[in-house]
J.: 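I'd like to ask some things about the structure below.
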Protein chains: 4
Amino acid sequence: MAGSTKDSLMQAAVRLFAAKGIDGTTTREIAAAAGVTEGAIYRHFVGKEALVEEIFHRHYLPFAAELDAARGTAEGAEAELRAVVRRVYAAFDRDRDLFAFLLLAQHGPMRRIADGAATPVRVIEKLVRAGQRAGTIRRMDARLATQIVLGAVLQPATGSLYGEVSPPLIAIADQVAEAAWRAIAG
Amino acid sequence: MAGSTKDSLMQAAVRLFAAKGIDGTTTREIAAAAGVTEGAIYRHFVGKEALVEEIFHRHYLPFAAELDAARGTAEGAEAELRAVVRRVYAAFDRDRDLFAFLLLAQHGPMRRIADGAATPVRVIEKLVRAGQRAGTIRRMDARLATQIVLGAVLQPATGSLYGEVSPPLIAIADQVAEAAWRAIAG
Amino acid sequence: MAGSTKDSLMQAAVRLFAAKGIDGTTTREIAAAAGVTEGAIYRHFVGKEALVEEIFHRHYLPFAAELDAARGTAEGAEAELRAVVRRVYAAFDRDRDLFAFLLLAQHGPMRRIADGAATPVRVIEKLVRAGQRAGTIRRMDARLATQIVLGAVLQPATGSLYGEVSPPLIAIADQVAEAAWRAIAG
Amino acid sequence: MAGSTKDSLMQAAVRLFAAKGIDGTTTREIAAAAGVTEGAIYRHFVGKEALVEEIFHRHYLPFAAELDAARGTAEGAEAELRAVVRRVYAAFDRDRDLFAFLLLAQHGPMRRIADGAATPVRVIEKLVRAGQRAGTIRRMDARLATQIVLGAVLQPATGSLYGEVSPPLIAIADQVAEAAWRAIAG
DNA sequence: CATGAATGAGCATTCATTCAT
DNA sequence: AATGAATGAATGCTCATTCAT
C-alpha cells in the first residue's frame, strides 16, 4: 500500500509527541520508532514542523466536522451535547495518543492554524448559542459558557491520561454530558 | 537586595516558559531576558531542570495550601467552591505567566513531583467528598466529579490566555463557581 | 574505501593527543584536523572518550600480541628480550605519535582497561619469569625486574620524543637490549 | 603563619594534578580541596599556569641540586649512582603525589622551563660522562646511557604508583642502583 | 585576605536538515 | 524510496578569570 512509511512515521510521531511533547521529541527518535532513518522523514515531509501540521490537519479539522455532524443528528441542545460528548469520548477511546497530541498541539504551534476554522470549540459554541436562543441554556457570555463545557468534558479525558479516571471514557459519557448540561442549563 | 539575580532569572524563565514551553526555551534566552550571562544561571541553579523545579516548588504547593486555607474559611461545599474559585482566579489575575507555567508544567516533568502531595486537585477532591458526605453533592465517582469541576474552572483560565475570555477573571469567578456547582450538585 | 572519515578522525586524534594530551585536545581541533565538522565525530564514536578508547583498543592489545609473538620466535631469555626490544622500537619508528599516545594513555583513563589484559608489561614479565626459572636471570622480585627492563627500554623512546636520543630507534635496539639484559642477568 | 592558604592551595593542587592530570583538574576543585573559594587562588597566583609553574620551580630544580649534592659526596660513578638512587627514592617515599606531579609535568607545559637548567637528567648525565672518562662506564652515547639509567630508576617509581612495586622504595634502592649500574658498566 | 557573584569564551554534544548514492 | 554520512547552528553546561564588597 502506498504511504506505508509515511503512515508509520506519523503514527510513531503521534505516540512520541503525546508522551514527551513536540519540542521534546527528536527526528531521530521518530525515525527510529518508525523503523527508518532520519533522512526518510524528508522524503515525505518538508520538515518536522510540516509533519506536526499534517498530523494536526489530518485529524483535528475532520474531528470537528465529525462532531458537528453528530450535533446535527440530535434534537435540542441537551441531546446535541450528549451526542457530542459521546463522539469525543469515542475518539479518545479509539486513539488516546492521538487525542493527547491534539490536546497539547493546541497550546503549541497549532494556535494560528486552528484560528478561524471550524474547530471543536466552535462546534460547542454553536450549540450553546442555539440553546440560548431556544431558552434552554442560561443567558451568559457564550464564549465563557463554551469554555466551561469544554473544560468539564475534556478535563476527565486529561485525567484519564494520568490515571485519575478509568477508561473507557464512553462509559461515563452520558454522566459527564449531564453534568456539563446542568452547569449551563437555564 | 537578597536574591536579585536569582529572582530575575526565575521571573524571566516563567515568562518564557509560559510563552514557548520549557523545551522551547533556551538557557541563553533566559539569561538574556534576565540581563545576565548564561553562566550566572549555574551559580543559582544546578541546571535548567532544577530551575524549572524550583519555580514549580516555590509556587505550586504553596498555592495548594492557599487554596485549602480558602476552602477552610467557608461553610458548606457550595461556599467552599466559591471561595476556591475566587482564589484561583485571583492568582491567575495576579500573574498570568506563572499560572500558565503551572498549567503546562503539570503535563511535563512535574508529574512525579506533584504526585502524592497536597495539590490543588486534591483540595477540590476533598471538597467534593465532604459535599457528598453532607448530601449536597450528587453521588458519583469523586475523582470524576473533581475532574469535571477542575475543567470547568481551569478551562476559562486557559481560554483567557488565548483571548476567548476577557480578563480579569475575578469578575466571572462567582458565575463560574455557580456553574461548576450545578454540574455536581445533588 | 571503508572507514575513511573514521580513520581520518582517529589519525588526527592520535597526532593531537600525542602533542597536547587528551584533556588538552578539543573535539573542534580533532574535527578540523580531520577535515570534517564536529558532528561527524558522533556518527562514528559515541563520544570523545569512546574515540580515545577505540584508538587504545585498536593498537595497545594488538601490540602486546605482536610482542608476545616476537618473543615466541626466539630461544632463551636474552634472545627473547632482543626480539622484543627490536619490535618495540620498530613500532616506535613506524608511528611516533601513536606510540606517544599509548605511552600517555596508560597513565590516564586507560588504566582500568589495560588492567588484567595481556599487556606489553605482562609480556616482559613472562620473559623475566621464564629466564629466572632457566637460571639466566638473577633471582629478584619479578615485578621489579620487569619495571627495570621496561624503563630501560621505554625511556630512550620517551627521550627520543624530546630530542635526547636520535631516531631511528631501531638503530640502537640491540644496544639497549644488551644493557637491559645486563641489568637483570644472573 | 604567612602563606598558609597559599601552601594549602599548592598542596591540594599537587594531589589533584597527580591524580587527574593538570588539564583534568579545575580551579574549582583545587579551591574546594584547599577549603577556600576560587577567587582566593588569584590572590596568590597570577593564574592556574603560574600555580603549576611555582610548584614545579619550588621542587624540581631544588631536587636536582639535592641530587647533585648527593652525587658529590660519593667516590666513583658506581657509588655516586647508588647515592643518587637513594636520594630519588627517599624523595618519592616522602611525597608520592609531588613525585607523580613532577613526573607528569615534565611531559606537559614544563618542558621549556626545565630545558637548559640543571635538571635531575643532567645530574645523571654528568655522572655518566665522568664514569666514561674514568673508564668504569662503557663507551656509548652518553645521552642514551643516561636515558637507560633514568628509565631503570624511574619506572619502578611509576610502577609503585600503580601497585606493581611495593613501597617504600628506599628498601629497593640499592638493588635498583646495582641493576642500573650493570646496564652501563664497562 | 577572602568571598561570592558574574563574565565570556569555550566545551562536548545534539539538533533538524541536506545530499550523494 | 531510503540510506548513511555529513553539516552547521545551536544546546546545556563548565572553565579560568575578574571584581565589588
Side-chain angles (χ1 to χ4, degrees), chain A residues 2-6 8-9 23-31 34-52, chain B residues 2-6 8-9 23-31 34-52, chain C residues 2-6 8-9 23-31 34-52, chain D residues 2-6 8-9 23-31 34-52:
Chain A
S4 182
T5 290
K6 187 169 185 178
S8 299
L9 282 167
D23 283 335
T25 300
T26 70
T27 51
R28 199 203 285 268
E29 289 169 326
I30 297 169
V36 296
T37 56
E38 283 185 87
I41 293 176
Y42 297 86
R43 190 76 34 193
H44 299 283
F45 307 94
V46 167
K48 186 188 180 183
E49 196 171 331
L51 166 56
V52 171
Chain B
S4 188
T5 291
K6 186 168 186 179
S8 299
L9 282 167
D23 284 336
T25 300
T26 69
T27 51
R28 217 89 90 186
E29 289 169 325
I30 296 169
V36 296
T37 55
E38 274 186 279
I41 293 176
Y42 298 88
R43 184 154 308 275
H44 299 284
F45 307 95
V46 166
K48 186 189 178 182
E49 198 173 328
L51 166 56
V52 171
Chain C
S4 188
T5 291
K6 186 169 186 176
S8 299
L9 282 167
D23 285 333
T25 301
T26 70
T27 51
R28 212 97 86 191
E29 289 169 325
I30 296 168
V36 296
T37 55
E38 277 186 277
I41 293 176
Y42 298 86
R43 184 155 308 275
H44 299 285
F45 308 95
V46 166
K48 186 188 179 184
E49 199 173 328
L51 166 56
V52 170
Chain D
S4 182
T5 291
K6 186 169 185 176
S8 299
L9 282 168
D23 283 335
T25 300
T26 69
T27 50
R28 197 202 286 268
E29 290 169 325
I30 297 169
V36 294
T37 56
E38 282 185 88
I41 294 176
Y42 298 85
R43 191 79 32 192
H44 298 283
F45 307 95
V46 166
K48 186 188 179 185
E49 196 171 332
L51 166 56
V52 171

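In what follows, chains are A, B, ... by sequence order, proteins preceding strands, each numbered from 1.
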J.: Within the 4.0 Å heavy-atom criterion, would you say Thr26(D) contacts the bases, only the backbone, or no part of the nucleic acid?
T.: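 Since only primed, P, OP1 and OP2 atoms lie under 4.0 Å of Thr26(D), the category is sugar-phosphate.
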J.: Output the distance between atom NZ (Lys48(A)) and atom CD1 (Ile41(A)), rounded to the nearest 0.5 Å.
T.: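 With rounding to 0.5 Å, NZ (Lys48(A)) is 9.5 Å from CD1 (Ile41(A)).
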J.: What distance do Leu9(C) atom CG and His44(C) atom NE2 have between them, rounded to the nearest 0.5 Å?
T.: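 NE2 of His44(C) is found 6.5 Å from CG of Leu9(C).
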J.: Tell me: CD1 of Ile30(A) to P of dT17(E), nearest whole Å?
T.: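 It works out to 10 Å between those atoms.
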J.: To the nearest 0.5 Å, tell me how far Thr37(B) OG1 sits from Arg28(B) CZ.
T.: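 Between Thr37(B) OG1 and Arg28(B) CZ, I get 11.0 Å after rounding to 0.5 Å.
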J.: Can you tell me how far P of dC15(F) sits from CD of Glu49(D), to the nearest Å?
T.: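 After rounding, the gap between these two atoms is 18 Å.
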J.: For the pair made of CG in Leu9(B) and C1' in dG12(F), what is the distance, rounded to whole Å?
T.: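 In whole Å, dG12(F) C1' and Leu9(B) CG are 15 Å from each other.
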J.: Rounded to whole angstroms, how far apart are CG on Asp23(A) and C1' on dT11(F)?
T.: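 Distance, rounded to whole Å: 13 Å.
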J.: Below 3.5 Å between N/O atoms, which protein atoms pair up with nucleotides 2-4 of chain E? Just atom names and distances, please.
T.:
residue: dA2(E); atom: OP1; partner: Thr5(D); partner atom: OG1; Å: 2.5
residue: dA2(E); atom: OP2; partner: His44(D); partner atom: NE2; Å: 2.7
residue: dA2(E); atom: N7; partner: Arg43(D); partner atom: NE; Å: 3.1
residue: dA2(E); atom: N7; partner: Arg43(D); partner atom: NH2; Å: 3.2
residue: dA2(E); atom: N6; partner: Arg43(D); partner atom: NH2; Å: 3.0
residue: dT3(E); atom: OP2; partner: Thr37(D); partner atom: N; Å: 2.9
residue: dT3(E); atom: OP2; partner: Thr37(D); partner atom: OG1; Å: 3.0
residue: dT3(E); atom: O5'; partner: Thr37(D); partner atom: OG1; Å: 3.3

J.: Taking the axis from the first five pairs and the axis from the last five, what angle separates them in the helix from dA2(E)-dT21(F) to dT21(E)-dA2(F), rounded to 10 degrees?
T.: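 One end axis against the other gives 10°.
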J.: Taking atom C1' of dA10(F) as reference, at what distance in whole Å does atom NZ of Lys48(A) sit?
T.: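 Taking atom C1' of dA10(F) as the reference, NZ of Lys48(A) is at 14 Å.
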J.: Using atom CZ of Phe45(D) as one end and atom C1' of dC1(E) as the other, report the distance to the nearest whole Å.
T.: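 From Phe45(D) CZ to dC1(E) C1': 14 Å.
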J.: Could you list the residues that satisfy side chain to side chain donor-acceptor pair (under 3.5 Å) with Thr27(D), not counting sequence neighbours?
T.: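 Here the qualifying residues are Glu38(D).
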J.: Select one nucleotide: of dT17(F), dT13(E), dC15(E), the one nearest the side-chain heavy atoms of Tyr42(D).
T.: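 So the nucleotide nearest the side chain must be dT17(F).
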J.: Can you tell me how far P of dC11(E) sits from CZ of Arg28(C), to the nearest Å?
T.: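 About 6 Å, once rounded to whole Å.
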